> 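This is the structure I want to talk about, given as structure tokens.
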Amino acid sequence: GGFTLNFNMEDDALRKLKQRITELKKARHDVNTLLHQVRAEQLAKEEEMHKLSRELDAIKSKVDQKEQLVSQYDRTISESEKAYSKIIENSQLLLSALDRESQSLKGASSK
């Protein structure tokens, strides 16, 4: 009778051991499934980041182009304003010279 009882206890222990191994395998399978899902999410986010990075690079390029264009406008406006100021100054000098010459001519013609 002792042998049978001992065999039944060993049989029960083996069954429990096998059950625990099966549970561990299922848990590992569940975690592995989640791992694959998380890796897929990671890959999708990395692809999204690469896409956004390319879009950001394109936007930065546009910003650089627009900044250069604004700089060109600033330079052209500044040069034009300086030239305009010179024209005004020269016009005033010319007008003064013409006024003097006109007065001189009027004075000479009235004598």
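Predicted, not measured: the structure shown is a model, and the values here were computed from it.
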> With sequence neighbours left out, write down each residue that passes salt bridge (Lys or Arg N to Asp or Glu O under 4.0 Å) with K45, or none if nothing qualifies.
E48
> Side-chain atoms of residues 89-106: list all donor-acceptor pairs with protein atoms under 3.5 Å, sequence neighbours left out, distances to 0.1 Å.
{"from": "N90", "atom 1": "ND2", "to": "K86", "atom 2": "O", "distance (Å)": "3.3"}
{"from": "S91", "atom 1": "OG", "to": "I87", "atom 2": "O", "distance (Å)": "2.8"}
{"from": "S96", "atom 1": "OG", "to": "Q92", "atom 2": "O", "distance (Å)": "3.1"}

> Looking at residues at least two apart in the chain, or sitting in another chain, which of them share a side chain to side chain donor-acceptor pair (under 3.5 Å) with E23?
Q19
> So, using side chain to side chain donor-acceptor pair (under 3.5 Å) as the criterion, who are the partners of D30 when residues are at least two apart?
K26
> Return all side-chain donor-acceptor pairs below 3.5 angstrom for residues 51-77, not counting sequence neighbours, or 'none' if the list is empty.
{"from": "T76", "atom 1": "OG1", "to": "Q72", "atom 2": "O", "distance (Å)": "3.0"}

> Which other residues belong to the hydrophobic cluster containing I21, where Ile, Leu, Val, Met, Phe, Trp and Tyr are joined when side-chain heavy atoms lie under 4.5 Å apart, directly or via other members?
L17
> Side chains of residues 31-42: which donor-acceptor pairs under 3.5 Å do they make with residues two or more places apart or in other chains?
{"from": "T33", "atom 1": "OG1", "to": "H29", "atom 2": "O", "distance (Å)": "2.9"}
{"from": "Q42", "atom 1": "NE2", "to": "E46", "atom 2": "OE2", "distance (Å)": "3.2"}

> Which Ile, Leu, Val, Met, Phe, Trp or Tyr residues join I88 in one cluster when any pair of side-chain heavy atoms under 4.5 Å counts as a link?
Y84
> Is any side-chain heavy atom of K16 less than 4.5 Å from a side-chain heavy atom of D12?
yes
